[in-house]
Amino acid sequence: MSKYLVDKFLYTVDRDPDLVERYRTAPRETVEWWEQSRANEVLNCHSGEASTWLRFTDSERAALIDHDHVALFELGAHPFLTLTLFIAMFERDHGPLEYQKAYGARLAHFSMPYPDIAT
Amino acid sequence: MASVVAVIASTHHPFYYRASTATGEDRPPFADEWVSKITAFRETLTRARPDVLVMVGSDHFHQLWLDNMPQFLVGKAPFYDANWYNEEREFGLPKMLLKGQEDLSAHILRAGLDEGFDLAFSNELRIDHSVTCPIITLRPEADLPIVPIYTNIFAPPLPQPKRFVQLGKAIREIVESWPSHLRVAIIGTGHLSLELGGPRQFGPHGPDPEFDRKAVEWIATGDLERCLAEVTLDSLHSPGNATHGFMDFMLMMGVAGAGAKADYVDSLDLFHTMEAYFTWYPSGAPA
């Protein structure tokens with residue numbers, strides 16, 4: 001499990017308008033590029049330094065490539081990060097609050113306790 | 001010494017700005033009632049004639065990230081830029097620039113550390129809607145200097161609820177020991193029951209109206225004993241997966257003091273979450 005890295009993907013894409021659009025339209029290419037060239041950047045640090053060990057599990061990579069917010073919830077991705085980014089990508093295709101309600105409905109089979117989000 | 005002229009606890013709803021400024025077909029049906037309640041709530045701060053605002057909130061994964069996550073952080077800067085690209089995108093929030101009150105920041109940091117709170121600090125902090133929503137609702141002129149205090153209610157492991165209460169109590173004492181003639185309002189925002197990114201999100205009411213009813217009662221009556229007896233880090237998952245933001249209300253109950261009845265209480269049942277507004281006047285209600 002590399003929940004932290006999944007959260008880092010959602011966080012770094014969400015804060016960059018170009019990456020939001022790129023991930024919306026080309027998810028596989030974006031996830032693979034990001035894992036290859038961005039996953040090991042140390043955020044909140046001056047540039048030029050990097051970690052060496054971060055990579056997704058196969059199921060995490062697949063969930064991100066598939067835009068599968070249900071799988072991301074199951075994997076323990078931080079729900080605020082997933083929701084915020086997915087609203088940015090997909091709310092525009094729906095009526096007011098329609099996307100948010102459908103997003104919740106697709107998670108209806110989860111009961112308490114939800115998957116652990118601690119990193 | 002400085003005087004604490006108002007203690008205010010509130011929900012922070014990022015949709016308020018857009019709802020309150022929308023016109024015509026874009027204006028939601030609940031906007032007028034919401035604006036009316038906010039206008040009355042704003043008056044409770046205005047009447048206290050504050051010079052400085054201590055603002056308690058929580059960064060929503062904007063500047064504070066999992067590679068270096070503080071539990072409690074005090075801003076100490078002459079200015080704070082505010083609101084982020086994704087808040088402009090999702091909520092229509094405007095970019096803002098607020099002045100800082102660095103002397104009070106330094107006093108809170110020094111005294112807080114000496115009291116046993118290992119506070120983190122930031123000399124360059126861009127604040128988010130947990131602080132700007134109450135500026136928009138309570139002081140839209142955004143003309144008073146602030147001291148932002150961030151709490152971690154978001155990224156586990158979190159501090160225990162009692163720690164929020166203890167910090168609130170300490171903040172009250174520390175502000176009252178600030179050698180200054182200025183009038184300080186302490187304002188904090190959190191949540192009642194709330195679900196974000198889970199199956200119970202965006203319902204017709206908050207995800208747990210019964211929790212909300214109890215929470216409003218605890219806050220309004222200053223019933224810290226019952227609140228602390230019922231609220232744990234585990235129990236807060238049940239009312240909704242983002243309900244740990246209630247701990248910022250508990251911090252504000254610590255600021256107001258055990259048993260302190262709020263001088264002003266109001267709430268508004270909205271879709272998705274219940275809004276709640278509380279004001280205490282520690283030095284007596286202003287004329």
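Only heavy atoms go into these numbers, but all of them, side chains included; no hydrogens, no water, no symmetry mates. A note on names: the letters A, B, ... follow the listed sequences, proteins ahead of strands, and every chain is numbered from 1.
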Heavy-atom distance under 4.5 Å between the side chains of [X] and [Y], does that happen here?
{"X": "B:Arg89", "Y": "A:Thr84", "answer": "yes"}
{"X": "A:Val20", "Y": "B:Tyr85", "answer": "yes"}
{"X": "B:His237", "Y": "A:Tyr114", "answer": "no"}

Using non-hydrogen atoms only, which part of [X] is less than 4.5 Å away from chain A: side chain, backbone, both, or neither?
{"X": "B:His272", "result": "neither"}
{"X": "B:Glu195", "result": "side chain"}
{"X": "B:Phe271", "result": "side chain"}
{"X": "B:Asn86", "result": "side chain"}

Engaged part of [X] at the chain B interface, taking heavy atoms whose separation is under 4.5 Å:
{"X": "A:Thr119", "result": "both"}
{"X": "A:Pro113", "result": "neither"}
{"X": "A:Ile87", "result": "side chain"}

Verify the neighbour count for atom [atom1] of [X]: are there more than 12 heavy atoms of other residues, nucleotides or ligands below 6.0 Å?
{"X": "A:Arg106", "atom1": "CZ", "value": "yes"}
{"X": "A:Gln36", "atom1": "CD", "value": "no"}
{"X": "B:Lys37", "atom1": "NZ", "value": "yes"}

Heavy-atom closest contact ([X] atom, [Y] atom, distance):
{"X": "A:Pro79", "Y": "B:Leu196", "value": "CB-O, 3.3 Å"}
{"X": "B:Pro156", "Y": "A:Ala118", "value": "CG-CA, 3.8 Å"}
{"X": "B:Trp65", "Y": "A:Asp7", "value": "CH2-O, 3.4 Å"}

Among the listed options [options], the residue most often paired with chain B at heavy-atom distances under 4.5 Å:
{"options": "A:Val70, A:Leu72, A:Ile117", "answer": "A:Ile117"}
{"options": "A:Ala77, A:Ala88, A:Ala108", "answer": "A:Ala88"}
{"options": "A:Asp14, A:Leu85, A:Val42, A:Leu97", "answer": "A:Asp14"}

[X] side chain vs [Y] backbone, donor-acceptor pair below 3.5 Å:
{"X": "B:Gln201", "Y": "A:Gln100", "value": "yes"}
{"X": "A:Tyr103", "Y": "B:Pro199", "value": "no"}
{"X": "A:His78", "Y": "B:Phe61", "value": "no"}

### Results of salt bridge (charged side-chain N to carboxylate O under 4.0 Å, His left out) for A:Arg22 - residues two or more places apart only
A:Glu29

### Message
Using a 4.5 angstrom heavy-atom cutoff, name the option from B:Leu66, B:Asn68, B:Leu158 with the most pairs to chain A.
### Response
B:Leu66

### Message
Quick check on the interface: out of B:Pro157, B:Gly198, B:Ala242, B:Gly203, who has the most heavy-atom pairs with chain A under 4.5 Å?
### Response
B:Gly198

### Message
To the nearest 0.5 Å, what is the distance between CZ on A:Arg15 and NE2 on B:His62?
### Response
8.5 Å

### Summary
Applying ring-ring contact (aromatic ring centres under 6.0 Å, His included) to B:Phe91 and not counting sequence neighbours gives B:Phe15, B:His129

